[in-house]
**Student:** 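Here it is: the structure, laid out below.
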Amino acid sequence: MNNIIEKVRKFVEDECRKPTSKYGFEPYEYHFAQVVRHAKQLAKEFGADEEIVEIAGWLHDIGSIMIGRVDHHLTGAKIAGEKLQEFGYPVEKIALVKNCILHHRGSQKMELETLEEQILAEADAMSAFDNIVGVFKAALVYENLTQGEALKSVSKKLESKWNQLKFEKTKEIIRPKYEAFKILFEK
Ligand SMILES: [Fe+2]
């Protein structure tokens, strides 16, 4: 087991377990772990740096957990930089991880510069389809929407996640779930 990855994973797990975690412990299992799983698979497939995408996958939403959703790409990159420095991770690799975190939000319309950044953004968009219950929970519980509003909001969100997918390979993997969602929830 790679020590730095284990340290990072444990840091994220511990933060998600704290009562101060903005979204409780669930994102650890249902979001972070899924993003890491997809990111590693894509890194293998496309020959990207697996260590960078795995570390970025664990840390990409840490700002959201520790501080809140607003600007979590900025707060997350800062927290990740400090933590990785504390763990003695090389400076040039920290910069690569931070860029993945800074650029992971599909909604922010930023240029993705490296393959590792593209992979993290892709894995993040894919993970919404692994956890549709979680997307509904965000709408119903955290945003306090009515059922009708939540349905509209979730449909819009999944449509946008689908449109963020860039690789043919990932579209192939996600397409059945995207189409099933449309059959189940759209009139
Ligand atoms: Fe995410």
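Owing to the predicted nature of the structure, the values given are computational and were not obtained by experimental measurement. Whatever order the structure lists ligands and atoms in, that order sets their numbers, starting from 1.
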**Student:** Check this for me, if you would: do K171 and E168 make a salt bridge, where the nitrogen-to-carboxylate-oxygen distance has to be below 4.0 angstrom?
**Tutor:** yes
**Student:** Looking only at atom types and distance, does a side-chain atom of E116 sit under 3.5 Å from a main-chain N or O of D49, one as donor and one as acceptor?
**Tutor:** yes
**Student:** CG of L120 to NE2 of H38: how many Å apart, nearest 0.5 Å?
**Tutor:** 12.0 Å
**Student:** Could you tally the protein N/O/S atoms lying less than 2.8 Å away from the Fe ion (ligand 1)?
**Tutor:** 4
**Student:** Among D130, N131, D124, find the residue that satisfies the side-chain hydrogen bond (donor to acceptor under 3.5 Å, both in side chains) test when tested with H31.
**Tutor:** D124
**Student:** Is the distance between the ring centroids of W162 and F181 less than 6.0 Å?
**Tutor:** no
**Student:** Indicate yes or no: does K10 engage E13 in a salt bridge with an N to O separation below 4.0 Å.
**Tutor:** no
